[in-house]
Amino acid sequence: MPAEPQKPSPAPDGPRHVALIMDGNGRWAQARGLPRALGHREGVQALKRTIEAAPTLGIQCLTVFGFSTENWRRPVEEVSDLMGLVRTYVASDLKRLDRAGVRVRILGRREGLPADIADIVSRTETSTAHNDKFLLQVAFNYGGQSDIVDAARRHFERQRAGEAVGPLTEETLGAGLSTAGGPPVDVIVRTSGERRLSNFLLWEAAYAELVYQDILWPDYGAEALADVVEQYRRRDRRYGGLASGADVARAAG
Ligand code: IPE
Ligand code: IPE
Ligand code: MG
């Protein structure tokens, strides 16, 4: 991220919001005979390159999957390496992100996080809350299913407490998700060749475009992200309707 934020180029065709499943750190390291931890460390460099490139491609929001609710199943050393990277990344990059006008939001459950990480999460959100040039959402201790369950639970708790929350609808539930208030997800990208969501943004994926790239996350950067934008712009998002004139004419005639 440069000290002076680059002006986003106008992008009438989007995507505005790109969500990334940053996968393949372990395989990147393994292929080089290195410990997995080094793959994660390189993954942080790839994240920095990607955040820097996003505004130049007209992207206004990035959501990245950093740690899933299922990643606790990994060996304790690896979990602790990943937590350690959060500490060093925030310590080294928060000021730069803030200067560039980036608002950082953390998606996911705070319970279960080591106390100092939960504290870093809150401080990061508070100290960048005033920024509006770019939104960076980091899904950490995040699971799409638990996010939906949490939103539903909060809805019924407020109802039990006597609040006029109204019926549970797509709108009221959606408003309780950790992504609420941000722009809709235009495209979900998964790197490393795997073709699954692994519990990422399940609700938000409803009409998002899906892009799979064979590149391992530590090799990611501006070029790969530009390819996502190009692929996205060739898609026809119909949301169940008939978008193109030809389709409408055919349906009518
Ligand atoms: C993604 O890389 C990072 C996290 C899940 C935290 P992986 O660690 O899953 O890498 P692979 O899939 O084993 O190669
Ligand atoms: C998803 O990747 C989680 C993150 C990228 C943080 P995983 O590597 O954990 O997913 P699976 O286990 O291959 O489905
Ligand atoms: Mg993986």
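All values below come from the heavy atoms of this structure, side chains included, with hydrogens, waters and symmetry mates left out. Along the sequence shown, the residues carry numbers beginning at 1. Note that ligands are numbered from 1 as they come in the structure, with each ligand's atoms numbered from 1 the same way.
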Which of the ligand 2 atoms, numbered from 1, are nearer than 4.0 Å to a heavy atom of Phe67: 6 (C)
task: With heavy atoms under 4.0 Å as the rule, classify the contact between Arg74 and ligand 2 as side chain, backbone, both or neither.
output: side chain
- request: Might you confirm whether atom CZ of Arg73 has over 12 heavy atoms from other residues, nucleotides or ligands at distances under 6.0 Å?
  value: no
field: Option from Thr50, Val64, Val44, Asp23 for which side-chain contact (heavy atoms from CB on, under 4.5 Å) with Trp217 holds
entry: Thr50
- prompt: Counting each atom of ligand 2 from 1 as listed, which ones have a heavy atom of Ile21 under 4.0 Å away?
  reply: 5 (C)
- prompt: Any heavy atom of Ser192 sitting closer than 4.0 Å to ligand 1?
  reply: no
message: Minimum distance, heavy atoms only, to atom 7 (P) of ligand 1: which one of Leu85, Asp23, Val79, Leu82 is it?
response: Asp23
- request: Sort out for me which residue in Ile21, Leu107, Val185, Val18 forms a side-chain contact (heavy atoms from CB on, under 4.5 Å) with Thr63.
  value: Leu107
- prompt: So Asp93 and Arg96, salt bridge (charged side-chain N to carboxylate O under 4.0 Å, His left out) or not? Walk me through it.
  reply: CA-CA 5 Å; Asp93 275 57; Arg96 206 143 40 118; 3.0 Å; yes
query: Between the candidates Asn25, Thr191, Asp81, Leu216, which shows the shortest non-hydrogen contact distance to atom 2 (O) of ligand 1?
result: Asn25
- prompt: For ligand 2, is any non-hydrogen atom under 4.0 Å from Phe200's backbone (N, CA, C, O), its side chain (CB onward), both, or neither?
  reply: neither
- request: Sort by chain and number the protein N/O/S atoms found under 2.8 Å from the Mg ion (ligand 3).
  value: Asp23 OD1
task: With heavy atoms only and a cut-off of under 4.0 Å, state how Arg190 meets ligand 2: side chain, backbone, both or neither.
output: side chain
- line: for atom 6 (C) of ligand 2, nearest protein heavy atom and its distance come out as Phe65 O, 3.3 Å
task: Looking only at distances, please establish whether an N/O atom of ligand 2 is found under 3.5 Å from an N/O atom of Asn71.
output: yes
- request: Quick one: look at His40 and ligand 1, take heavy-atom pairs under 4.0 Å, and tell me if it's side chain, backbone, both or neither.
  value: side chain
field: Atoms in ligand 1 flagged as close to Gly66, the criterion being non-hydrogen separation under 4.0 Å
entry: 6 (C)
message: For Arg36, is the CZ atom crowded, meaning more than 12 foreign heavy atoms sit under 6.0 Å from it?
response: yes
message: Please check whether Glu194 reaches ligand 2 - meaning an N/O of the residue sits under 3.5 Å from an N/O of the ligand, judged on distance alone.
response: no
